[in-house]
Amino acid sequence: MTQLRVVIADDHAVVRSGLRLILGSQPDIEIVGEAATGEEAIRQARSLRPDMILLDIAMPGLNGLEAARAIRQEAPEVRIVVLTMYDDEAYLREFLQLGAAAYVLKEAADTELLAAIRAVQRGEPFIYPSLTRQLIDLYLKQAQPPLPVDNHEAELSPRETEVLRLVALGLTGQQIAGRLLISASTVETHRAHVMEKLGLRGRAQLVRYALSKGLLQDENPHP
Amino acid sequence: MSLRKKLVLAIGGLILLLGVGGTLHARLTLAGISQDELERRALAVSRDLESHAGESMLTNDIFGLYQRINELATANDDIRYVVVFDAQGNVKASTFANGLPVGLRDSNRAATGQPYSLTTLSTSEGNVLDVAYPVQGGRLGVIRLGVARGPMESEVNGLTSNLLGLTGAVLVIGLIASYLLATVLTRPLARLTLAARAITRGEPSNHDELYSHPEIGQVAIAFDDMTHKLREREEERAQLLAKVIGAQEDERRRISRELHDDAGQVMTSVLLGLAHLEQASEEQSVQVEAAELRAATAVALDHLRDMARELRPSALDDLGLEAALQRYVADYGRKHAVDADFQSQGFDGSRLSPATETALYRIAQEALTNVVRHAQAESVSVLLERRDGHAILVVEDDGSGFDVDALLHLALPAAKLGLLGMEERAALVGGTLTVESHPSKGTAVFAEVPVAGVGP
């Protein structure tokens with residue numbers, strides 16, 4: 001059986017020894033190096049050429065993101081398993097874009113880490129299950145048609161379209177009133193009509209609608 | 001230069017200019033008039049003498065002529081000399097007892113056809129107006145009359161020095177008057193300065209009498225308004241500072257309690273569990289115990305992570321405002337069961353300066369906290385836009401709203417401190433904060449901040 005050569009990069013010695021404990025129980029896993037900073041992680045990946053590196057995000061000096069970026073460049077064959085406290089979907093997305101092979105939360109290191117390592121060994125990506133849920137939610141939200149009532153668009157008057165555009169650009173009611181030379185309450189009325197006609201709720205939805213209609217292209221709200 | 005100096009110099013200069021100019025003008029005019037007068041008299045005397053001289057010379061009455069010219073010279077102080085020449089240029093009669101002064105004869109001559117000739121001679125006795133008056137057209141000879149200019153000149157000089165003296169006197173009076181005027185004018189200003197210094201030192205200032213002054217009164221009133229506004233602002237800042245300090249203390253208390261309640265308790269139970277584990281003998285019970293401990297630790301870890309993120313999300317530093325805010329809004333919606341919607345545009349992964357990102361993040365946090373506390377909203381939108389060197393954050397809810405002006409004019413500013421805090425945060429990074437709200441029409445908080453080209 002070929003040995004799986006692993007480098008552990010985490011700034012906390014306690015965590016590193018804990019990981020040693022768990023991984024040491026596996027006969028086919030060999031820990032070839034440890035790193036406490038992002039720079040060390042990059043150096044070890046470059047010189048030791050391990051099969052896999054367990055990478056923490058929060059590290060002094062270069063953080064895990066920057067280290068992963070450098071490792072992907074300099075030693076692309078090293079597979080990166082992110083092991084972190086952060087359950088932010090934004091981090092996950094960053095690392096996936098970078099080409100990380102797995103993303104595991106530390107709170108599940110005891111149960112999921114080995115599963116993740118095995119999956120990566122087989123060439124499959126691994127994402128911690130609760131994050132998978134987040135990813136799916138996000139995907140569904142983005143895939144949603146942004147306008148519940150698309151076909152009503154034709155009913156917007158030119159004035160209403162203009163108000164919609166300026167609201168979506170983040171102008172205040174006063175600013176819109178000043179721009180269109182109408183009163184603030186008239187702006188409110190127009191806006192209420194727009195929301196009602198399109199069945200939209202809240203400024204964020206208005207922005208998405210305006211974006212989808214290309215109303216915000218090349219716009220300069222600060223003349 | 002002080003106002004006093006300026007005023008004194010201006011008035012003094014004006015008086016000096018007018019005085020000297022006037023004196024000069026008067027002197028020139030007077031000199032001209034006196035000259036004309038002198039010439040007219042000399043000519044009149046000469047003309048009168050000419051008819052007598054002609055007669056005397058024709059009758060050869062040299063003695064009569066002599067007597068006449070001496071009478072003339074005696075009667076008129078300023079007539080220095082009279083000399084009558086015959087046609088050949090010999091002296092017929094003269095007031096000079098000891099003969100003609102050298103050079104007098106040729107010093108003035110009326111050309112042929114000219115009725116007379118005037119010239120000024122410079123003599124040891126001063127300037128003399130010399131008239132050469134031909135007798136009978138020059139056929140009989142010529143009269144020479146010398147009139148001293150001295151009396152006329154000293155008259156003009158006397159007048160000039162009188163005028164200069166007057167100018168000097170007026171100048172002194174003018175300087176004193178302008179000095180006093182300047183004092184009167186600047187006294188209220190000096191008092192205003194004293195009042196300002198007193199206020200700077202924090203002493204109460206009493207400058208009521210300033211208000212009665214027609215012009216300075218306006219300054220005093222404007223100054224008072226400013227002082228008032230500054231004091232208000234100062235008080236607001238003090239309250240804000242107190243609130244910030246209080247909030248910091250609250251935050252620490254909360255963290256301390258959560259650390260104690262969550263992590264501390266779990267660690268205690270883990271400790272106890274591990275002690276138990278040491279003594280446990282059955283493999284079955286060891287496994288169960290270990291699984292329980294693991295689960296408890298995982299929960300504690302979860303709480304710790306949430307706490308750390310609430311204090312300051314690492315995503316704000318590592319990934320930027322857009323990602324951090326998106327996550328915050330999502331968590332916020334779940335936690336408070338509100339429809340919380342986040343939309344950003346114009347960022348495309350670009351970053352702002354750390355100070356700006358932190359400011360906008362905290363403003364959004366404060367605005368969203370206010371929504372939970374006061375608005376009873378069903379939905380809240382968070383909008384983040386970047387465009388043309390500006391970043392705009394909008395937090396808008398459909399809740400109960402409030403009267404913005406009324407809140408800002410509240411005597412008790414506790415309620416408006418949250419708004420002021422957001423304003424200060426925006427102002428610190430050069431931005432502005434606008435709140436638009438009406439009762440039952442929701443609230444929108446706009447933060448607009450200029451951003452430099454911290455590239456994508």
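The structure displayed is predicted, hence computed values, not measured ones. These numbers come from the heavy atoms of this one structure, side chains and all, not from hydrogens, waters or symmetry mates. Sequence lines set the chain letters: A, B, ... in the order given, protein chains first and strands last, and positions in each chain run from 1.
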message = Looking at B:E251, I'd like to know if its CD atom is crowded, meaning that more than 12 non-hydrogen atoms belonging to other residues, nucleotides or ligands lie closer than 6.0 Å.
response = yes

message = Using heavy-atom distances under 4.5 Å, tell me whether B:R327 contacts chain A through its side chain, its backbone, both, or neither.
response = side chain

ask   = Which one, A:T111, A:V207, A:D87, leads in non-hydrogen pairs under 4.5 Å with chain B?
value = A:D87

request  = Determine whether B:E448 and A:Q175 make a side-chain contact, defined as any pair of heavy atoms from C-beta on separated by less than 4.5 Å.
outcome  = yes

ask   = Is the closest side-chain heavy-atom distance between A:L216 and B:Q345 below 4.5 Å?
value = yes

Greatest number of heavy atom pairs closer than 4.5 Å to chain B - which of A:L206, A:D88, A:T172 = A:T172

note = Here the gap from A:L169 atom CG to B:R387 atom CZ, rounded to the nearest 0.5 Å, amounts to 4.5 Å

key: Heavy-atom side-chain contact between A:L211 and B:Q343 under 4.5 Å   = yes

key: Interatomic spacing from OG in A:S185 to NE2 in B:H438 - rounded to 0.5 Å   = 8.5 Å

request  = Might you work through the salt bridge (Lys or Arg N to Asp or Glu O under 4.0 Å) test for A:R201 and B:E396, ending with a clear yes or no?
outcome  = CA-CA 11 Å; A:R201 184 175 188 182; B:E396 190 171 59; over 6 Å; no

note = CD (A:Q205) and CG (B:L383) are apart, to the nearest 0.5 Å, by 12.5 Å

message = With a 4.5 angstrom heavy-atom cut-off, is it the side chain or the backbone of B:E378 that approaches chain A, or both, or neither?
response = both

query = Is a side-chain N or O of A:E107 found less than 3.5 angstrom from the main chain of B:L301, in a donor-acceptor match?
reply = no

query = Is the number of heavy atoms from other residues, nucleotides or ligands within 6.0 Å of NE2 (A:H12) greater than 12?
reply = no

task = Against chain A, work out which of B:G389, B:A323, B:S379, B:S314 has the most heavy-atom pairs shorter than 4.5 Å and name it.
result = B:S314

message = Need one label for A:A58: side chain, backbone, both or neither, based on atoms under 4.5 Å from any heavy atom in chain B.
response = neither

message = Using a 4.5 angstrom heavy-atom cutoff, name the option from B:E436, B:R309, B:E322 with the most pairs to chain A.
response = B:E436

ask   = Counting distance only, does the side-chain N/O of A:Y91 pair as donor-acceptor with the main-chain N or O of B:A315 below 3.5 Å?
value = yes

Winner by heavy-atom pair count (cut-off under 4.5 Å) against chain A, out of B:V394, B:D317, B:L384 = B:V394

task = Select one option (side chain, backbone, both, neither) describing which atoms of B:D341 are under 4.5 Å from chain A's heavy atoms.
result = both

ask   = Could you give the distance from NZ (A:K106) to CG (B:L304), rounded to the nearest 0.5 Å?
value = 12.0 Å

note = Looking only at heavy atoms, the pair that brings B:R305 and A:L105 closest together is NH1-CD1, 3.9 Å

key: Residue-level interface, residues 59-66 of chain A with chain B, non-hydrogen cut-off under 4.5 Å   = A:N63, A:L65

query = B:D318 versus A:E94: any side-chain heavy-atom pair under 4.5 Å?
reply = no

task = Mind listing the closest non-hydrogen atom pair of A:R208 and B:F342 along with its distance?
result = NH1-O, 3.5 Å

